[in-house]
Peer 1: 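Before anything else, here's the structure in question.
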Amino acid sequence: MSENSEIKMSPLCRTIEKDGKSVRVDIYEDGDGSWILEVFDQFNNSTIWEDAFESDADALFEIEATIKEEGIDCLIGPVDGGAF
């Protein structure tokens with residue numbers, strides 16, 4: 001992605017709640033036609049998937065499947081945001 005490009009956010013971005021916890025799901029285009037999946041917890045820790053997705057719908061499917069299979073806790077980090 002070039003420095004001058006504007007980030008194109010997917011309309012599928014959302015907050016997902018489960019078991020009394022929530023994460024913010026950001027899906028955005030990488031500038032080459034693929035989609036990046038990034039998830040933020042309530043402490044502003046982020047998890048970014050290494051591989052890009054062919055579509056924003058594929059990215060949303062991945063996060064929903066991850067939460068269903070592993071639970072939302074796998075996306076929630078430490079209170080201090082991992083600061084050193």
Side-chain angles (χ1 to χ4, degrees):
M1 183 181 289
S2 77
E3 291 180 27
N4 296 331
S5 351
E6 188 173 316
I7 295 176
K8 179 181 176 187
M9 299 299 289
S10 167
L12 299 179
C13 296
R14 63 190 63 207
T15 298
I16 296 177
E17 296 181 21
K18 184 158 176 106
D19 301 327
K21 299 172 185 170
S22 65
V23 292
R24 187 180 83 234
V25 177
D26 284 354
I27 303 169
Y28 49 91
E29 196 172 23
D30 69 357
D32 293 322
S34 296
W35 294 87
I36 304 297
L37 172 59
E38 185 170 10
V39 178
F40 294 89
D41 67 13
Q42 68 264 30
F43 309 116
N44 210 33
N45 297 303
S46 88
T47 303
I48 301 175
W49 269 243
E50 288 183 24
D51 296 322
F53 296 86
E54 288 186 27
S55 72
D56 56 349
D58 289 343
L60 181 61
F61 178 82
E62 174 66 24
I63 189 58
E64 289 175 340
T66 296
I67 291 172
K68 182 178 181 180
E69 292 170 15
E70 299 180 35
I72 199 164
D73 286 330
C74 75
L75 299 166
I76 298 177
V79 174
D80 64 3
F84 293 94

Peer 1: Using the side chain to side chain contact (heavy atoms under 4.5 Å, CB included) criterion, which residues pair with Gln42? Sequence neighbours excluded.
Peer 2: Ile76
Peer 1: For Ile16 versus Ile72, what's the shortest heavy-atom pair and its separation?
Peer 2: O-CD1, 3.8 Å
Peer 1: Got a sec, which residues hit salt bridge (charged side-chain N to carboxylate O under 4.0 Å, His left out) with Arg24, two or more places apart in sequence or on another chain?
Peer 2: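 For Arg24 the salt bridge (charged side-chain N to carboxylate O under 4.0 Å, His left out) partners, ignoring immediate neighbours, are Asp26.
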Peer 1: Do Ile63 and Leu75 touch side chain to side chain, with heavy atoms closer than 4.5 Å?
Peer 2: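 SC-SC contact between Ile63 and Leu75 confirmed.
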Peer 1: Suppose we screen for salt bridge (charged side-chain N to carboxylate O under 4.0 Å, His left out). Which residues come up paired with Asp56, at least two apart in sequence or across chains?
Peer 2: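 Scan of Asp56 (salt bridge (charged side-chain N to carboxylate O under 4.0 Å, His left out), adjacent residues dropped) gives none.
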Peer 1: Using distance only, find each side-chain donor-acceptor pair of residues 33-40 under 3.5 Å and give its atom names and separation, not counting sequence neighbours.
Peer 2:
| from | atom 1 | to | atom 2 | distance (Å) |
| --- | --- | --- | --- | --- |
| Glu38 | OE1 | Tyr28 | OH | 2.9 |
| Glu38 | OE2 | Ser46 | OG | 3.2 |

Peer 1: Considering only heavy atoms from C-beta outward, does the side chain of Val23 approach that of Ile67 to under 4.5 Å?
Peer 2: yes
Peer 1: Suppose we screen for side-chain hydrogen bond (donor to acceptor under 3.5 Å, both in side chains). Which residues come up paired with Lys18, at least two apart in sequence or across chains?
Peer 2: none
Peer 1: For a quick test of reading the model, state the closest non-hydrogen atom pair linking Ala59 to Ile27 and the distance between them.
Peer 2: CB-CG2, 3.9 Å
Peer 1: Mind checking what makes salt bridge (charged side-chain N to carboxylate O under 4.0 Å, His left out) contact with Asp58, not counting sequence neighbours?
Peer 2: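 Checked Asp58 against salt bridge (charged side-chain N to carboxylate O under 4.0 Å, His left out); zero matches.
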Peer 1: Calculate, to the nearest 0.5 Å, the distance between atoms CH2 and CD belonging to Trp49 and Glu62 respectively.
Peer 2: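 If we round to the nearest 0.5 Å, Trp49:CH2 and Glu62:CD are 6.5 Å apart.
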Peer 1: Heavy atoms, side chains only, cut-off 4.5 Å: are Lys21 and Asp41 in contact?
Peer 2: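 SC-SC contact between Lys21 and Asp41 ruled out.
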Peer 1: Can you list everything that forms a side chain to side chain contact (heavy atoms under 4.5 Å, CB included) with Glu70? Sequence neighbours excluded, please.
Peer 2: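 Per chain and number, Glu70 pairs via side chain to side chain contact (heavy atoms under 4.5 Å, CB included) with Thr66, Cys74.
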